[in-house]
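The structure appears right after this line, and notes come after that.
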Amino acid sequence: MKADPLMEIPESREEAIALQQLLRQRCIWERVIDTNDIALVAGADAAYSESLVYAAAVLVSFPSMEPVAHRVAIEPLAFPYEPGMLAFREGPALLSALIRLPMRPQVIFFNGHGRAHPRRFGLAAHMGVLLHTPSVGIAERTLIGRAEPPADADGATSPLIDGGEVVGMAVRTRSGSRPVIVSQGYMIDLAQAVELTIASAHGERIPLPLRQADRLAGAARREHGFA
DNA sequence: GCGACAG
DNA sequence: ATCTTGTCGC
């Protein structure tokens, strides 16, 4: 016998969609953690080489954003890129890096969408459910839905709407910069997801733990990929 | 049928 | 995501 894997890799698109719909039933969009109880937040992101995925997880204090720890996981790519299926491509490695962190964060930021997904279950929501940890999705571009551009001021927002439903928020974390798309991952409401994103950005466009994870993953790729 | 399409 | 030079702007 072998231990139950935290994540299974589907062998077909149909199987992947079925798994998303199954896990989505365990997803809740309500706020579960009080912001005052948050002391640690994390960010996780991935980089790729031809056949490997390099995942990085960074842990920082909140709201001071001081570095606490970081981990990197390198695994073979076992799923193609398909819009809406990102969790199956990056998920396994991201989970490996995250579970190796020395302490559990109260919230995790992911580079991708959460609820702002065609089946309302993007990478951030998927990871949150599997880790049973509140999560937030931060994306550069929209996958579904449409939002008016937020005013050009720090913290300005504009709802991302899809099918008459508010699935996320375009947030101008820093005036003069393009807005980021924030959406609920798991155990969090949209207002808190936006609030934590802004509080973790510290004047930059992207939440600090996510920026660090991005750099770390890229560095890992260069060192192992070739060099 | 024709686009759109996280990373 | 990744492949890549110069270049406009603060």
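Just the heavy atoms: all of them, side chains too, but no hydrogens, waters or symmetry mates, feed the values below. Below, chain A is the first sequence line, B the second, and so on; all start at residue 1.
Within the structure, salt bridge (charged side-chain N to carboxylate O under 4.0 Å, His left out) pairs that include any residue of residues 50-64 of chain A do not occur (at least two apart or interchain). Legend: salt bridge (charged side-chain N to carboxylate O under 4.0 Å, His left out) pairs involving residues 6-19 of chain A, not counting sequence neighbours, sorted by first then second residue: A:R13-A:E82. A salt bridge (charged side-chain N to carboxylate O under 4.0 Å, His left out) check over residues 146-162 of chain A, counting only residues at least two apart or in different chains, returns the pairs A:R120-A:D162. The ring pair (Phe, Tyr, Trp, His ring centres under 6.0 Å) analysis of residues 65-87 of chain A, with sequence neighbours excluded, yields the pairs A:F79-A:F88. Within the structure, ring pair (Phe, Tyr, Trp, His ring centres under 6.0 Å) contacts touching residues 130-173 of chain A (residues at least two apart or in different chains) are A:H132-A:Y186.
Once you apply a 4.0 Å limit to the heavy atoms of chain A, the touched nucleotides of DNA chain B run 5' to 3' over B:dC5 to B:dG7.
Between A:Y54 and A:E75, the side chains place no donor N or O within less than 3.5 Å of an acceptor N or O (distance only, hydrogens not considered).
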Base-contact (B) and sugar-phosphate-only (S) positions in nucleotides 5-10 of chain C, heavy-atom cut-off under 4.0 Å, - elsewhere:
------
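Near DNA chain B, meaning a heavy atom under 4.0 Å away, the residues from residues 82-101 of chain A are A:P83, A:G84, A:M85, A:L86, A:R89, A:E90. Residues from residues 162-181 of chain A placing a heavy atom under 4.0 Å of any atom in DNA chain B do not occur. Within residues 118-139 of chain A, the residues approaching DNA chain B are A:G122, A:L123, A:A139, by heavy-atom distance under 4.0 Å.
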What does the 5'-to-3' dot-bracket notation of DNA chain B look like when only Watson-Crick and G-U wobble pairs under 3.5 Å count, and pairs to other strands show as |?
.......
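Remark: DNA chain C forms no stem of 3 or more consecutive Watson-Crick or G-U wobble pairs with all pair distances under 3.5 Å.
Looking at heavy-atom distances under 4.0 Å, A:S49 makes no contact with the nucleic acid at all.
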